[in-house]
Chemist: 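Submitted below is the structure of interest, expressed as structure tokens.
Residue numbering restarts at 1 for every chain, and letters A, B, ... go by the order of the sequence lines. In this text, all values refer to a predicted model and were calculated from it rather than measured experimentally.
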Amino acid sequence: MAFGKGCHLHLIDGSAFIFRAYHALPPLTRKSDGMPIGAVSGFCNMLQRYVEGNEGGDVTHVAVIFDKGSHTFRNDLYDKYKANRDEMPEDLRPQIPLTRRATEAFNIACKEMEHYEADDMIATLACQAREAGGRVTIISSDKDLMQLVGDGVVMLDAMKNRVIDVEGVEEKFGVSPDRVVDVQALAGDSVDNVPGAPGIGIKTAALLINEFGSLEELLNRAEEIKQPKRRQTLIEHREQIELSKRLVQLDCDTPLDFTLDDLEVRDPDPERLLGFLAEMEFRTITKRIAEKLGVEAPIIEETSPAAPAAQDEPPAAPIDPEAYEWVQEPGQLAKWVEAIRERGYVAIDTETTGLDEMTCDLVGISLAVEPGVACYVPLCHRDGEEGLFSGPGYSEGQMPLDEALALLRPVLEDPAILKIGQNLKYDLKVLGRYGVAMAPIDDTMLLSYALNAGLHNHGMDALSERYLGHRPIEIKSLIGTGKSQITFDRVPVAEAVKYAAEDADVTLRLWQVFKPQLHVKKVTTVYETLERPLIPVLARMEETGIKVDRDTLSRMSGAFAQKMAALEEEIHGLAGRPFNVGSPKQLGEILFDELSLTMPDGKAPKKGKTGAYGTGADVLEDLATLHDLPRRILDWRQLSKLKSTYTDALQEHINADTGRVHTSYSQAGANTGRLASTEPNLQNIPVRTEEGRRIREAFVAEPGKVLVSLDYSQIELRILAHVADIEALKAAFREGQDIHAATASEMFGVPMEEMTPEIRRQAKAINFGVIYGISGFGLARNLRIPQEEAQGFIDRYFERFPGIKDYMTETTAFAKKMGHVQTLFGRKIHTPEINAKGPGAGFARRAAINAPIQGTAADVIRRAMIRMPAAIADMPAQMLLQVHDELLFEVEANAADALIKRAKEIMEGAALPAVDFSVPMVVEAGSGESWAAAH
DNA sequence: GTCATCACG
DNA sequence: GACGTACGTGATGACC
């Protein structure tokens, strides 16, 4: 039935339901696996009571509307909007997706939209329904929605079972509904952090609005207010009041991706509803609903409390590659789509012709809906010989790509269906190129990373062996290695089915192991706020890439080659014979055997596992005082590095279509939470030497644009000052002092005015040493001073800043006791070696000291990156690269200043509201036509 | 494949 | 008292 006159729309405020359910019920957990389900249980009860209450009523259309994401246009208007909200409780977070599934199970339309508040969607729907001549009931008690009341729109407080109509609103606000926003704008709202006018509450606001008729009139004629204080407040805070009005005014023009007609009331499908309730193990409500629907209640087995996933525990159903389905026909695929809809989630894996998501082609898609139940949809497999006039033809038993994607797209894009995968950033990018915007997603690699960082790697094969006791089919066995390697499209379909479907099956099983653990290990927030939302952000940065000028690199490469040739000749002369300058082994023999150089400190020159002489830069630096050769070698090596790794190799990575270099970020690579950049690594482009820095001149902006670089200043030291609570350091940061000079001054008693570069340099080395878990030996080597002297520095440092020593002791003790350390945002980094004997323990101790600091810094910039796309959505700007404490953007030149201002705010406030640092976070900015100029 | 070296934060 | 040490990464060329 199309929505129109005589129709009655119910709009349920989903978030209100959830929070009410959460707070009304004790923290229940699901028996079988410990998953928290208290709020879901309450939510289902409320939905059931709602449905029962409306039987025989006149409701024709209904929807539950949810909030999604935290950033909306209101945050752009006012960055502190809802800023004092507490973070969501740890045990509620995993229940949120389940409330969506519950709604779907009741067969009630479930709607949410990224970047839009539920309130605005409700407002838009209410307006549309009113215009169509229908009636609306908003089920909520949120006063922010009261502005919508009137003209056939009422609210219903479900708890008190009280209808709020125009009179009800007038009772609450003292004005008619159409003036409610005016009152709210004046009175403000501490819950949503809407400022309003200081000292004015609802009562006074209503009085003023009734007297002047409207807020605009009031502000224009503020001079006429008799009370001097009130008058002054209104005149002084005019802008703030106007801003407040924009914040509280609901938007009736939200661009909805559905219509009122989609919300028609539907009967629940008993099987689906009871299936969901049984899965949640809700006995009472399952029984009640089964009786009501007149069907048999599914049996919920009494299970013992979840045993931890043991390595030796056999998998639920054996993994059998022969049992997977080869999907050839649309009808077959439609059945899988149906199965996915019933489940509410699916594990997915895409097979492609290569590893480069930018250029590879989609070959097939595998799906799994429950352990052992998986399929493979081959799409572009080929067989036959590569002939002179004919290429290989498509294999039999495949579906046309378009047809398969058309069937799959609705579930892949359905916000109520969770897509599970291993390293889904890859699949997300591939599918994106075929016009499929996959969401929402869960990534088993990142689940493992949040749970197990520091314990092991997070590749699928290793996870499968460890957690499922199963070694999956190796890709090598299908495509081979090296020169004879083939692409996946040439793998016979029958073989591909086993391999690909097994991957999806394994992924699903891993998800079932990891997902409940998230809550048990208390890393749900880490996963939900630092891992999952970062996936699409990184995907977009990688797709965007950065423009690299080939000619610049090429020219530099030629210049380097010339210089190297000249140096090589000189080196051979100094050595007395030609040799491979690039071979450390040959060099060692020349230096120590043929030239018989000895180390200035008298130590023996040997080192290294292979027994070869060490010829590292530090060694050559020491030898440079005795002979000319080592210095020439150092020069040659610098050029060789720049040429091979940068000016030459980088050119290979310029994408032929885009003219840009597209790195790949590994989100679960570094144990501390840092990202790693590969193929190519754009996080180690030279900067420290003048010659190396020139490489950055090849990283450029498109014509008319500039590159903008923003980097956190001394973020790790600031975090150290905060976590170790060092008042002297904190004060230095607050006062914007040169932190290394301030440290030196404190340590050596030198006044800041008399600071010398040498003393400052030493203090700087100590500051960094502290972050790394300092030792006398390490500092001595770094500063090239005797170890006793270095130890003296360290002792003095600890004396002056006793909090540092305490921090180190406490952190080490924590790691020994718990087996992990953590960042301020709750990220856990495991330290399995900390209690080992031997040198390993030393490494582990220093890593444990460093990890919370490096990791917290990594978390901060992750938070900034996650918020960035929405914050700069209205600007002609793109985020390109992350280099641990730096973000690089490309932006239209005339918008650079605006971008810097906006991005800086996001970065400096990134820790809030979860962590409120006691030192300021400072971000420095630069811009220019190349990375060299911007940095 | 492993090692040494060196680029970055 | 001896031991071996800065933290975290990735790419390259030499060598086995």
Side-chain angles (χ1 to χ4, degrees), chain A residues 453-454 481-482 579-588 607-620 633-634 636-650 652-653 663-666 669-689 691-693 695-696 711-717 720 765-783 787 790-791 794 821 829 831 837-855 857-858 861 881-886 935:
Chain A
T481 54
F579 70 103
N580 184 346
V581 185
S583 164
K585 184 164 167 279
Q586 293 179 33
L587 175 66
K607 66 167 183 181
K609 291 170 192 166
T610 52
Y613 293 115
T615 66
D618 49 346
V619 175
L620 296 185
I633 298 285
L634 284 168
W636 183 90
R637 279 192 183 164
Q638 193 198 358
L639 293 172
S640 163
K641 181 80 176 179
L642 292 176
K643 183 172 185 299
S644 69
T645 310
Y646 299 103
T647 57
D648 290 350
L650 213 44
E652 310 290 316
H653 285 284
T663 185
S664 181
Y665 287 103
S666 157
N671 288 334
T672 53
R674 274 194 179 179
L675 301 177
S677 158
T678 63
E679 285 182 296
N681 182 354
L682 295 186
Q683 290 181 322
N684 71 346
I685 303 302
V687 71
R688 289 174 186 170
T689 66
E691 258 183 325
R693 192 155 49 236
I695 305 277
R696 296 188 175 217
D711 69 292
Y712 284 103
S713 159
Q714 307 289 2
I715 185 167
E716 292 191 356
L717 274 177
L720 175 71
I766 299 169
N767 273 334
F768 281 112
V770 167
I771 292 173
Y772 297 148
I774 201 160
S775 75
F777 179 92
L779 183 65
R781 203 172 66 165
N782 189 282
L783 284 176
Q787 192 169 335
Q791 192 56 53
I794 295 168
V821 292
I829 298 116
T831 55
K837 295 192 178 74
F843 281 112
R845 191 188 75 88
R846 289 189 298 274
I849 290 167
N850 173 258
I853 301 168
Q854 187 181 115
I861 196 165
L881 301 179
Q882 188 250 42
V883 192
H884 307 310
D885 64 358
E886 171 189 6
H935 198 275

Chemist: Just to be sure I understand the rule, does A/D885 reach a base, reach only the sugar-phosphate, or reach nothing, if contact means heavy atoms closer than 4.0 Å?
Modeler: sugar-phosphate
Chemist: Determine whether A/I853 and A/Y772 make a side-chain contact, defined as any pair of heavy atoms from C-beta on separated by less than 4.5 Å.
Modeler: no
Chemist: Side-chain contact, heavy-atom cut-off 4.5 Å: A/R637 with A/L620?
Modeler: yes
Chemist: In the structure shown, which nucleotide is the Watson-Crick or G-U wobble counterpart of B/dT2, with both distances under 3.5 Å?
Modeler: C/dA14
Chemist: With rounding to whole Å, what would you report as the distance between C/dG4 and B/dC6 at their C1' atoms?
Modeler: 22 Å
Chemist: Just how far, in rounded Å, is P of C/dT5 from NZ of A/K837?
Modeler: 20 Å
Chemist: Between A/K641 and A/E691, does at least one N-O distance fall below 4.0 Å, as a salt bridge requires?
Modeler: no
Chemist: If I pick the P atom on B/dT5 and the same atom on C/dT5, what distance separates them, to the nearest angstrom?
Modeler: 14 Å
Chemist: By the 4.0 Å heavy-atom rule, please label A/L779 as base, sugar-phosphate, or nothing.
Modeler: base
Chemist: With side chains defined as the heavy atoms from C-beta onward, is the minimum distance between A/Q854 and A/I829 less than 4.5 Å?
Modeler: no
Chemist: A/A617 near the nucleic acid: base, sugar-phosphate alone, or nothing, with a heavy-atom cut-off under 4.0 Å?
Modeler: sugar-phosphate
Chemist: Determine the contact category for A/G614: base if any of its heavy atoms lies under 4.0 Å from a base atom, sugar-phosphate if only primed atoms, P, OP1 or OP2 are that close, otherwise nothing.
Modeler: sugar-phosphate
Chemist: Return the value, rounded to whole Å, for the distance between atom CH2 of A/W636 and atom C1' of B/dC6.
Modeler: 12 Å
Chemist: Other residues, nucleotides and ligands only: do more than 12 of their heavy atoms fall within 6.0 Å of CD on A/Q791?
Modeler: yes
Chemist: Could you work out the separation of B/dA7 and C/dC3 based on their P atoms and round it to a whole Å?
Modeler: 33 Å
Chemist: Got A/R781 and A/Q787 here, is their nearest side-chain heavy-atom distance under 4.5 Å?
Modeler: no
Chemist: Does any non-hydrogen side-chain atom of A/I766 lie less than 4.5 Å from one of A/L779?
Modeler: yes
Chemist: Scan A/A765 against the nucleic acid and name what it touches under 4.0 Å (heavy atoms): base, sugar-phosphate only, or nothing.
Modeler: base
Chemist: Would you check if A/V883 and A/L682 make a side-chain contact, meaning some heavy-atom pair closer than 4.5 Å?
Modeler: no
Chemist: Output the rounded distance in Å from CG (A/L587) to P (B/dT5).
Modeler: 9 Å
Chemist: For a quick check of understanding: with a heavy-atom distance under 4.0 Å over all strands, which category does A/R781 fall into, base, sugar-phosphate or nothing?
Modeler: sugar-phosphate
Chemist: Between B/dG9 and A/R688, is there an OP1 or OP2 to side-chain N/O distance shorter than 4.0 Å?
Modeler: yes
Chemist: Just the rounded figure in Å: distance from C1' of B/dA4 to CG of A/L620.
Modeler: 12 Å
Chemist: Figure out the CD/P separation between A/Q882 and B/dC8, and round it to whole Å.
Modeler: 17 Å
Chemist: Between A/I853 (CD1) and B/dG9 (P), how many Å, whole number?
Modeler: 19 Å
Chemist: Who is the Watson-Crick or G-U wobble partner of C/dC3, with both distances under 3.5 Å?
Modeler: none
Chemist: Could you tell me how far apart A/Q714 (CD) and B/dG9 (C1') are, to the nearest whole angstrom?
Modeler: 12 Å
Chemist: Reading nucleotides 7-16 of chain C from the 5' end, what letters show protein touch, with B for base, S for backbone sugar-phosphate only, - for no heavy atom under 4.0 Å?
Modeler: BBSBBSSSS-
Chemist: Roughly how many Å is it from CD1 in A/I794 to P in C/dA6, rounded to a whole number?
Modeler: 13 Å
